[in-house]
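Just below is one structure, and these are the notes that go with it.
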Amino acid sequence: MTATAATATTSLIAFTLPSTPSSPQMARFHIRAALGFHELDEYADDAEAITSELVANAVQHVRDDGTNTIVVTLARVWNPAAVTVVVSDSSSAGPIRRDTSADSEQGRGLQVVEALSAHWGWRHEEDGGKAVFAILAREA
């Protein structure tokens, strides 16, 4: 497989969540529904798990600046075929992938994201926050 730049991105859904403990569950519901609506069910399990982990991290680390909101965006990339999950929040602190033991109950979220995605990363946003993204690709 040769590396090429991703082209023709289409937004499938974008929504805002409060920074509350129930937000990961709400995000999973919306992501699965959007993928089903767009007949992209093959991405649903991984996208739902990744979204849950990224939103849970955002809830834990969002800055208490009065907004306390998390934005979730799901996009389709056409060449190569993939979907991208992006979770934005008001914290400027980047995510830290930790090496944790298999029996640890915390700190494995980014390990899950890394295992289920073709690529993940993050960037600073102009508003002082950050966006964490994960790309889910299927083999041709």
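Since the model is a prediction, treat every value here as computed from it, not as a measurement.
Remark: Arg28 CZ to Ser52 OG distance equals 4.0 Å, nearest 0.5 Å. Taken from CD in Glu53 to CD in Gln111, the straight-line distance is 10.0 Å, to the nearest 0.5 Å. How far OG of Ser92 is from NE2 of His61: 12.5 Å, rounded to the nearest 0.5 Å.
Under the rule for a side-chain contact (heavy atoms from CB on, under 4.5 Å), the partners of Val86 that lie at least two apart in sequence or sit in another chain are Thr73, Thr84, Ser88, Arg123, Ala131, Phe133.
Contact annotation: the side chain of Ser117 approaches that of Ile50 to within less than 4.5 Å [non-hydrogen atoms, C-beta and beyond]. In this structure, Val72 and Leu17 have side chains that are in contact, with non-hydrogen atoms separated by less than 4.5 Å.
Taken together through direct or relayed side-chain contacts under 4.5 Å among Ile, Leu, Val, Met, Phe, Trp and Tyr, Met26 and Val71 form parts of separate hydrophobic clusters. Hydrophobic clustering places Val85 together with Leu110 (ILVMFWY residues linked when any side-chain heavy atoms are closer than 4.5 Å, directly or through intermediates). Linking ILVMFWY side-chain heavy atoms closer than 4.5 Å, directly or via other members, places Ile135 and Leu12 in two distinct hydrophobic clusters. A continuous path of ILVMFWY side-chain contacts below 4.5 Å connects Ile31 to Leu40, so both sit in one hydrophobic cluster.
For Gln25, the CD atom is loosely surrounded, since the number of other residues' heavy atoms within 6.0 Å does not exceed 12.
For Lys130 (side chain) and Ala93 (main-chain N/O), a donor-acceptor pair under 3.5 Å exists by modelled atom type. Formation of a donor-acceptor pair under 3.5 Å by the Thr51 side chain with backbone atoms of Ala47 is found in this model. Ser23 places a side-chain N or O within donor-acceptor distance of the main-chain N or O of Pro18, the cut-off being under 3.5 Å.
For Pro21 against Pro24, the heavy-atom pair with the smallest separation is O-CD, 3.3 Å. In terms of heavy atoms, Asp41 sits closest to Gly36 at OD1-CA, 3.2 Å. Closest non-hydrogen pair, Val62 versus Thr69, comes out as CG2-O, 4.1 Å. Listed here is the closest heavy atom pair of Glu39 and Glu42: O-OE1, 4.0 Å. Smallest separation of non-hydrogen atoms from Leu136 and Asp46: CD2-CB, 3.4 Å. In plain terms, the two heavy atoms of Leu35 and Ala44 that are nearest each other are CD1-CA, 3.6 Å.
At a cut-off of 3.5 Å, with distance as the only test, no side-chain donor of Arg76 or Thr10 sits close to an acceptor on the other residue.
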Requested in this report: Go through the steps for Asn57 and Val132 under the test side-chain contact (heavy atoms from CB on, under 4.5 Å), then give the verdict.
Outcome: CA-CA 10 Å; Asn57 284 350; Val132 183; over 6 Å; no

Original post:
Passes side-chain contact (heavy atoms from CB on, under 4.5 Å), Thr16 versus Ile70? Steps please.
Top reply: CA-CA 6 Å; Thr16 302; Ile70 298 162; over 6 Å; no

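Remark: Asp45 engages Arg32 in a salt bridge, criterion side-chain N to carboxylate O under 4.0 Å.
Screening residues 16-54 for ring-ring contact (aromatic ring centres under 6.0 Å, His included), with sequence neighbours left out, gives Phe15-His30.
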